[in-house]
Every structure is written in C-alpha cells, then in structure tokens.
Amino acid sequence: MESMMDQTVGHESKVENTQPVTFQTPVKPITAETWPVEDVMALFDLPFNDLLFKAQVLHRENFPNGDVELATLLSIKTGGCEEDCGYCPQAARYDTGVEAKKMMDVREVLNAAKAARESGATRFCMGAAWRSPKDRDMEKVETMVREVKAMGLETCATLGMLKEEQAQRLKDAGLDYYNHNLDTAPEFYNNVISTRDYQDRLDTLGHVRTAGLKVCCGGIVGMGETRRQRAGLIAQLANLNPYPESVPVNHLVQVEGTPLHGLDPLDPLEFVRTIAVARITMPKARVRLSAGRRQMGEAVQAMCFLAGANSIFYGDKLLTTDNPEAEDDRVLLEKLGLKTRGVVEKKAGSCS
Ligand code: SAM
Ligand code: DTB
Ligand code: SF4
C-alpha cells in the first residue's frame, strides 16, 4: 500500500514552525513564554524518568486537586465529508464503511447529553463532519448548544472552519469551548491534508479567540511523523498566545480505507513522552488523552496520567470509532485512585 509518507499532496505550508502566533483576544493570556522547537525537542530527548518527573512536578503545582475531566463526544453529523484528511474515516472519498447521515435532531442530542451527564461527564462535545458549517446549519447547532448548556454541562463543538460571525453566534448561544486541531507540524501537514491549509486552521482559532470562546486545540501523533515533527506540533500549540485551555493529544486510530491505514504504530512510550511534553510546555492546560485509548491498554494510560494527562473522552464511542467502555474507565480510574470532576455513577460489581 502506498503510504501518505510517500505522497506529496497540496501546497507548501507558509507557516514557520518557530513563529509565535498572537491573537487579538479579550481573554487574558495565560502564558507569555515562547517555545523554540529546539527546546521542545530537548524535552523529548530527556531520559524517560527525568521527563516524567518534570511533568509530574509541574502537573501537581498547577493541578493540586489532581482530578481527571470526563468529556463525552457525540457525532451530531456523521460522514460524507468533502475534505481529504488522510486519517479520517468520515471523508467521503475513502471507502471506510462510514455511512453519511443527516444532522441529528435536537431531541436526540439532548437525550445523549442527559445520559452523559448522568454517567459523570462534565463536558459534552458535539462534532460534525463538515469542512465548515453552512449558515443554514447554525441555528440548529445553536439550539443544541443552548440546551446542553442549560443542563449544566460545559459545552464544546467541533464543526470545522468558522467565520468570525459564526464563532460569535456560538459564543452567544452559550458555547464554552471550540475544538479545532492543528493536527501536526506545519512541515508535515501537507503529507496528510490538501483541501485546507495550516493558515486556515490558525485563522479559525483566531476567530474563536476573538469571540471570547475557550480554545480546545491539539493534534494526532502516530501518522508517520518524526520526533522533531511531534516537537513541531507541540511548539505550535504552546506558542499560540494564549495557549489552548484544552489540548487533545490523539493517537492515530488506523481505519481501513483511509490513506494512513497500515502504518507502523508509534512506540507507546513515545506517546507518553508527547503527553509529558504537552504538560510541561502548557502547564495550565487540560491535556486530554484522546483518541486511541482502546488500543493502549491500562499500563500506557496510567503512564499518561503520570505524565500529566488530566482529561479523557468518556463514553463507548468517539465519533465513529470505539472508545473504551465507560465501565472499564470507571474501573481504571478507581484502580489508579484518580478523582473525577463530576460524580461518576458506580455500578455494582465494579472494582473494589
Ligand atoms: N470536521 C471537523 C474538523 O475536521 O475540524 C471536526 C471533526 S474532526 C473528526 C476532529 C478531529 O478528530 C480532527 O481534527 C482529528 O484531529 C481527529 N481525528 C479524526 N480522525 C481521527 C483518527 N482516525 N485518529 C485520531 N484522531 C482523529
Ligand atoms: C479530538 O481531538 N479528538 C476527537 C474530538 N477532538 C472531536 C475525535 C477523535 C476521532 C477519532 C476517530 C473517530 O471516532 O471517527
Ligand atoms: Fe472532514 Fe473533519 Fe474528517 Fe477532515 S477530520 S475529513 S474535515 S470530518
């Protein structure tokens, strides 16, 4: 199979890896520090225990409560996406078995949010397989946001690229966070996606900040990138000014039919290192151990929590692929003695 590594798609990225990107923002900056890629690389190159120790010390200083956030995802519009993201099972052009569906009804979304809240989630993230939302979709999404917020959940949405006025409408509806990932380092980006560029993503993040929304922005590792490119992704995120409040670190979930299926998997210890480096460079962010947990096993996840991860996607499904069963997560968190932000309902027969 031809891997994405062998292909050159798209155009040259104009985004320089070391440039801090400052947004005009009403939100108080949470950092003024900039991270040259070399310095991030030096963290990656530390002996494993030194890196984890450093990350854990910073983690305790910044999160003395030590809790783990539970965020539940729901795909409110699945499949049929026009983009060509090489990792994504929802791109219409790849034959992955994901069926294109129309947007969910508000009622169904609210039922899912209620179930998420009852099982202990504090954040509800609504995802849509769109390049960007059409203006005709906005009203329905705004209703979803307004009503999920009214249930007492933190709200997050990931709908693709936004115009400034769309970000403002979401803010007005009560959206807390907007998730839009940089995905990878600028110099690797064109190996993975050709239908929109890095600068488009930075522009959307700028609109999200201008609207006063909190930013959830991270990426994916295990796509065939080098360690230096992983450092490049983290440097980009850490140099956003301010850096994101939430940083999802996804491990590529390889889905048959996508161009990235069949790559050699990333060494799990390298994934743990990535979490630790995110924690050190963005000490106050919620670092989310995101996609790929099902393939990781308990020991690797435990190391990720030690490295500073303090948020997970919680619920049996991510968007289209499987996440660990919620019950297995409750057992794991209890085994590790990790508290959660919400009240997690305990089922009979779980870990004693
Ligand atoms: N369509 C919107 C967009 O691309 O911005 C929102 C949904 S999209 C599925 C959200 C994010 O999910 C992507 O940016 C990517 O980081 C992550 N993602 C998608 N497929 C993935 C996979 N197979 N493994 C890991 N992460 C994945
Ligand atoms: C993020 O960074 N990861 C989530 C969420 N934001 C939207 C999505 C992961 C998707 C994994 C593949 C799937 O289930 O379709
Ligand atoms: Fe579409 Fe988002 Fe998937 Fe890219 S990641 S193909 S934009 S759903």
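First listed ligand is number 1; within each ligand, the first listed atom is number 1.
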| Hey, looking at atom 4 (O) of ligand 1, which of Q90, R196, H180 has the closest heavy atom? |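 Nearest heavy atom to atom 4 (O) of ligand 1 lies in R196.
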| For ligand 1, which atoms have a heavy atom of T158 less than 4.0 angstrom away? |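 In order of numbering, the contacting atoms are 6 (C), 7 (C).
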| task | Within a distance under 4.0 Å of any heavy atom of H251, pick out the atoms of ligand 1 and give their elements. | result |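 The atoms of ligand 1 under 4.0 Å from a heavy atom of H251 are 25 (C).
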Specify side chain, backbone, both or neither for [X], according to which of its non-hydrogen atoms lie closer than 4.0 Å to ligand 2.
X: N181; value: side chain
X: P89; value: side chain
X: N250; value: side chain
X: P248; value: side chain
X: V253; value: neither

| Does an N or O from L252, backbone or side chain, lie closer than 3.5 Å to an N or O of ligand 1? |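 No, no N or O pair falls under 3.5 Å.
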| N181 N/O under 3.5 Å from ligand 1 N/O |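 Right, the criterion is met.
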| Where is the tightest heavy-atom contact between A235 and W35, given as atom of each residue plus distance? |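 Looking at all heavy atoms of both residues, the shortest contact is CB-O, 3.6 Å.
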| said: Check this for me - ligand 2, T321, N or O atoms closer than 3.5 angstrom, yes or no? | reply: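 Yes, since at least one N or O of T321 sits under 3.5 Å from an N or O of ligand 2.
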| request: Report yes if some N/O of T158 lies less than 3.5 Å from some N/O of ligand 2; otherwise report no. | output: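 It does not: no N or O of T158 is found under 3.5 Å from an N or O of ligand 2.
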Answer yes when [X] and [Y] have at least one side-chain N-carboxylate O distance shorter than 4.0 Å, and no when they do not.
X: R286; Y: D67; value: yes
X: R228; Y: E187; value: no
X: R201; Y: D183; value: yes

| C81 N/O/S atom closer than 2.8 Å to atom 3 (Fe) of ligand 3 |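 No - counting backbone and side chain alike, C81 has no N, O or S atom under 2.8 Å.
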| message | Tell me whether the NZ or CZ atom of R273 lies within the 45° cone about the ring axis of F48 and under 6.0 Å from its centre. | response |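 Pair R273/F48 does not count as cation-pi.
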| request: Quick one: look up the protein heavy atom nearest atom 6 (N) of ligand 2 and list residue, atom name and how far away it is. | output: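 In this structure, atom 6 (N) of ligand 2 has N179 OD1, 3.0 Å as its nearest protein heavy atom.
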| Looking at atom 5 (O) of ligand 1, what's its closest protein heavy atom, distance included? |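 That would be G160 CA, 3.6 Å.
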| If you count the atoms of ligand 3 from 1 in the order shown, which ones are under 4.0 Å from a heavy atom of Y87? |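 Selected atoms, number and element: 5 (S).
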| request: Please find out if atom 4 (Fe) of ligand 3 and some N, O or S atom of C85 are separated by less than 2.8 Å. | output: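 Coordinating: yes.
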| Side chain or backbone of T258 under 4.0 Å from ligand 1, or both, or neither, by non-hydrogen atoms? |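 Neither part.
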| request: Return yes if a side-chain donor-acceptor contact under 3.5 Å exists between E83 and T195, otherwise no. | output: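 Present: a donor and an acceptor within the cut-off.
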| Over 12 foreign heavy atoms within 6.0 Å of CG, D267 |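 Atom CG in D267 is crowded, with more than 12 foreign heavy atoms closer than 6.0 Å.
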